[in-house]
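What follows is one structure encoded as structure tokens, with my remarks underneath.
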Number of protein chains: 2
Amino acid sequence: MTTTVLLVDDHPVVRSGLRAVLDTDTVHVVGEAATGEEAVTLAAHLHPDVVLCDLRLGAGIDGIQTTAALRALDPAPAVLILTTFDRDAEILGAIEAGAAGYLLKDVAPEVIIEGIHRAAGGDMFLAPDLAGRVLQGMRNPLPRLTERELEVLRLMSTGAANKDIARTLFVTEATVKSHIAHIFTKLDVDSRSRAIHLAQETGLI
Amino acid sequence: MTTTVLLVDDHPVVRSGLRAVLDTDTVHVVGEAATGEEAVTLAAHLHPDVVLCDLRLGAGIDGIQTTAALRALDPAPAVLILTTFDRDAEILGAIEAGAAGYLLKDVAPEVIIEGIHRAAGGDMFLAPDLAGRVLQGMRNPLPRLTERELEVLRLMSTGAANKDIARTLFVTEATVKSHIAHIFTKLDVDSRSRAIHLAQETGLI
DNA sequence: CTGAATCTCAACCTTTTGGACGATGCCGAC
DNA sequence: GTCGGCATCGTCCAAAAGGTTGAGATTCAG
């Protein structure tokens, strides 16, 4: 029995590649979308078994938001994330949003096909090298930063000084320092550059 | 007359996609390579007119080094860079290494084909949105950092304190501070986080 | 040889950052 | 109503980072 698949990627070349590689006797590509919005519309009409979705989709909503929207459809397709990046926060975010699996783009085509069938069957499918990381990520979850703290962290990462951040957020420097102190405690670091580095590594920002 | 092309990309899916999209009556894909080393070996045997090369090639030498090696062949193929990223330093680096053009992966297939023919004809071919940036980059060149300064900058960007950097490089903190002062002057910034941000934005590190 | 660039280090000073308190007001959960 | 989390602000202090100046050693090109 063939599994129907909808491709979502903002690069035409990648879509062609996936179509060429996936369209076999067990997998049938029924559509392609370049954006998350388009993906949701198409999925609502085509009812694919599986949506194969990139995380980075250029402008518009990202892969995680797309996943959530797709999972809210009825019937909901299984969503398989296929992307180049392996930042922890994104993987966790995709899983939380209801993705059935997460694959890196450098895997062999057969692995993607296997993942599609597993996803269609209701299984979870994680690239082997990611599985351990994800489990550890769930055991050692990154502390949840508040929205305000994330704002400060993002500004910090652009090189803004406390004074700049204070001006941008219309608060005093004391408040910024307070937020930063909390951020440091939560991330278990003791300098802004380390915080920035950690945040970028884990995909927190 | 058909133009012969060698594809270089570490993602099998992208190679398939490019082959599917490019193999027309005017372009003939004569080979694929997953690494820079493989690309040079294949190019030496196949003498393609054009090598279409990603900048990020996973392990091994990167696209810029590959470009330089390819241009040293005789006869040298034209090298067209096709990549997802548009960091200034990488674009300039590729051009310096002898690339005939630089395209972003989100362009339409026809643009790639046009680029291939232009490159085969000896033209330069830059994605329009990049051309201006490159010209400006040549007018406003990023100051050249010395090897030592780059080392310090890289360590800084991982969150290392001056003390850590000093230990890692086996010099005193005074030396590190001296290097950092030079870096700041050259980059025209006044804090390490700004330096890190600028360096990451421009692809300096 | 001379000069320029680079790497190394030091002393001195100012500013920024970070740590450690505490305090207020707000809001939502229990 | 009370409690906890959050955002806001403050003070005091120590440490780190940044700015300035100068200087010895090396290397490399002209």
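Protein chains get the first letters and strands the later ones, always in sequence-line order, with residue 1 at the start of each. Please read these numbers as outputs of a predicted model, since none were measured by experiment.
- Between A:Thr83 and A:Asp54, the closest side-chain pair of non-hydrogen atoms falls below 4.5 Å.
- Residue-level contact check: B:Ser191 touches the backbone only, with heavy atoms under 4.0 Å from sugar-phosphate atoms and none from bases.
- Using a 4.0 Å heavy-atom criterion, one finds that A:His182 contacts no nucleic acid atom at all.
- Distances were taken from every side-chain heavy atom of A:Ala161 (C-beta onward) to each of C:dT17, D:dA17, C:dG18; the shortest belongs to C:dT17.
- B:Ile196 has its CD1 atom 11 Å from the P atom of D:dA17, to the nearest Å.
- A donor-acceptor distance shorter than 3.5 angstrom exists from the side chain of A:Arg71 to the backbone of A:Pro77, with no hydrogens or angles considered.
- In this structure, B:Phe170 places its CZ atom 12 Å from P of C:dC9, rounding to the nearest Å.
- Remark: P of C:dT17 and CG of A:Asp164 are 8 Å apart, rounded to the nearest angstrom.
- Between B:Asn162 and D:dA16 there is no side-chain N or O to OP1 or OP2 distance below 4.0 Å.
- Listed for the A:Glu38 side chain is a donor-acceptor partner under 3.5 Å among the backbone atoms of A:Ala34.
- Side chains of B:Leu198 and B:Leu204 form no contact here, defined as non-hydrogen atoms less than 4.5 Å apart.
- In this model, a donor atom of one side chain and an acceptor atom of the other lie less than 3.5 Å apart for B:Thr175 and B:Thr172.
- Atom NE2 in A:His179 sits roughly 16 Å away from atom P in D:dG5 (whole-Å rounding).
- Comparing A:Asp190 and A:Ser178 by the nucleotide of DNA chain C whose heavy atom lies nearest to each, the residue mapping closer to the 5' end is A:Asp190.
- The distance between atom CD of A:Glu147 and atom P of D:dC6, rounded to the nearest whole Å, is 12 Å.
- OP1 or OP2 of C:dC9 sits under 4.0 Å from a side-chain N or O of B:Thr172.
- Distance, A:Arg148 CZ to D:dC9 P: 9 Å, rounded to whole Å.
- Among the atoms of the strands shown, base atoms are found under 4.0 Å from some heavy atom of B:Thr175.
- For the pair A:Arg192 CZ and C:dT16 P, the computed distance is 11 Å after rounding to whole Å.
- Following rounding to the nearest Å, B:Ile165 (CD1) and D:dA16 (P) show an atom-to-atom distance of 14 Å.
- In this structure, B:Val189 and B:Lys163 both approach DNA chain D, and ranking their closest nucleotides by distance from the 5' end singles out B:Lys163.
- B:Ala174 comes within 4.0 angstrom of a base, heavy atoms only.
- Side-chain nitrogen and oxygen atoms of B:Lys177 include none within less than 4.0 Å of the OP1 or OP2 phosphate oxygen of D:dA17.
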